[in-house]
Q: 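Sharing a structure, written as structure tokens. Questions coming.
Proteins get letters first, then strands, A, B, ... in listed order; numbering begins at 1 in each. Hydrogens, waters and symmetry mates play no part in the numbers below; they use all other heavy atoms, side chains included.
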There are 2 protein chains.
Amino acid sequence: MEAPVNLRMTKQRQVILDELRKMHSHPTADEMYRLLRRRLPKISLGTVYRNLEVLSDCGLIQKIEVAGTQKRFDGNASHHYHVRCNRCSRLEDVYVDVDAEMNRKVSRLTEYDIAQHRMEFVGICPTCKAGARRDDFD
Amino acid sequence: MEAPVNLRMTKQRQVILDELRKMHSHPTADEMYRLLRRRLPKISLGTVYRNLEVLSDCGLIQKIEVAGTQKRFDGNASHHYHVRCNRCSRLEDVYVDVDAEMNRKVSRLTEYDIAQHRMEFVGICPTCKAGARRDDFD
DNA sequence: CTACTTGCAAAAAATTTGCTGCTAT
DNA sequence: ATAGCAGCAAATTTTTTGCAAGTAG
């Protein structure tokens, strides 16, 4: 839940960060695990969970806890939002500007000290729009 | 995952909807379960899960899948956002206007058909601000 | 050195599901 | 009547944790 005092850069941590950064998708812990085993055959799922947690606490990656049972992680730590496809669950980045005063406005309204906000758009992706028409996925 | 064809209004479903609507907090399935047992001592957790799912598929309630492992539900189906306290995890409603063109803007950018968006603000609530200063919670 | 980290396995937490009998419509 | 639902319990899925051995700084 919070950044440790002495962060050590272990092999595993390095590889996790590295792979996630070059990934451009938003994998779950389990997807990361399966991917990582190519480079680190002995890595454990627990290590993957622990490191994704630590890395996001440090702000080196982003934890995406939006819509869907599983947490997802994003190697892109810069400020951006996400779009999710309602049909295929694909998750992508969006760069769009939101009223810069928004956080302050909400601070005033709620009396919270607002540190950040997250935003997720939901819709149908181009592929699903084009693909065979179905009202429902199985 | 989607609205059933013939929705039946059972006792359980009615009470779940009823309780959630007068609740003004954003309970998890388990919290609902414990509450509901006062009125329906024999209700099962599975029924609670199934109904919260169905009711949100119908748009009668909202499913909040933001920040935190557990899904939360909101008896207020109208359009609004949420603020979450980083310290005590409290979740509250916010009514704030966002650029009405936002969804269209994102549609253009991403080529998705955008149906909706969600937004969550994160910060420290008034109570936690006032309360004993701690950099960290245990 | 030694505090932090790993792998492993077991546990916990959260959600889903199969089934049989009940009930709204 | 009968399709849909409830309750129950077992199964899955996802995440966390205790512990002994390994390692970065």
Q: Measuring from atom CG of A:Leu60 to atom CG of A:Leu7, what distance do you get when rounded to the nearest 0.5 angstrom?
A: 7.5 Å

Q: If I take atom CG in residue B:Leu36 and atom C1' in nucleotide D:dG7, what distance separates them, rounded to the nearest angstrom?
A: 14 Å

Q: Between atom OG1 of B:Thr47 and atom CZ of B:Arg50, what is the distance when rounded to the nearest 0.5 Å?
A: 5.0 Å

Q: Check the angle between the aromatic planes of A:His117 and A:His79 and answer parallel, tilted or perpendicular using the 30° and 60° thresholds.
A: perpendicular

Q: Out of C:dT6, C:dT15, D:dC8, which nucleotide sits closest to the side chain of A:Thr47?
A: C:dT6

Q: Closest to the A:Ile43 side chain: C:dG7, C:dT6, D:dG7?
A: C:dG7

Q: Between the protein and nucleotides 19-24 of chain C, list the N/O to N/O atom pairs that are separated by less than 3.5 angstrom.
A:
residue	atom	partner	partner atom	Å
C:dT23	O2	B:Arg8	NH1	2.7

Q: So, for A:Tyr33 and A:Ile43, which heavy atoms are closest and what is the spacing to 0.1 Å?
A: CE1-O, 3.3 Å

Q: Could you give the NZ-to-C1' distance, from A:Lys63 to D:dT16, as a whole number of Å?
A: 13 Å

Q: Starting from P on C:dT15, measure out to CD on B:Glu31 and report it in whole angstrom.
A: 11 Å

Q: Can you tell me how far the CD1 atom of A:Ile61 sits from the CZ atom of A:Arg21, to the nearest 0.5 Å?
A: 9.0 Å

Q: Just to verify, which of B:Arg39, B:Arg38, B:Gln14 counts as forming a side-chain contact (heavy atoms from CB on, under 4.5 Å) with B:Glu19?
A: B:Arg39

Q: For the pair made of CD1 in A:Ile16 and P in C:dT5, what is the distance, rounded to whole Å?
A: 12 Å

Q: Side chain of B:Tyr49: nearest nucleotide among C:dT15, D:dC8, C:dG7?
A: C:dT15

Q: State which of D:dC5, C:dG7, D:dC8 makes the closest approach to the side chain of B:Lys42.
A: D:dC8

Q: Kindly calculate the angle separating the two end axes of the helix from C:dC1-D:dG25 to C:dT25-D:dA1, each obtained from five base pairs, and round it to 10 degrees.
A: 50°

Q: What's B:Asn51 touching, base or sugar-phosphate or nothing? Going by heavy atoms closer than 4.0 Å.
A: sugar-phosphate

Q: Between D:dA24 and A:Gln14, is there an OP1 or OP2 to side-chain N/O distance shorter than 4.0 Å?
A: no

Q: Check for a donor-acceptor pair, side chain of A:Arg118 on one end and backbone N or O of B:Met119 on the other, with a separation under 3.5 Å.
A: no

Q: Which residue pairs satisfy the salt bridge (charged side-chain N to carboxylate O under 4.0 Å, His left out) criterion with at least one member in residues 23-33 of chain A, sequence neighbours excluded?
A: A:Asp30-A:Arg34, A:Glu31-A:Arg72

Q: Nearest whole Å is fine: how far is D:dG22 C1' from A:Arg13 CZ?
A: 14 Å

Q: Output the rounded distance in Å from CG (A:Leu45) to P (C:dA11).
A: 17 Å

Q: D:dT12 P sits how many Å from A:Asp30 CG, rounded?
A: 16 Å

Q: Using only heavy-atom distances, determine whether the side chains of A:His24 and A:Asn76 contain a donor-acceptor pair under 3.5 Å.
A: no

Q: Roughly how many Å is it from CG in A:Leu7 to C1' in D:dG25, rounded to a whole number?
A: 12 Å

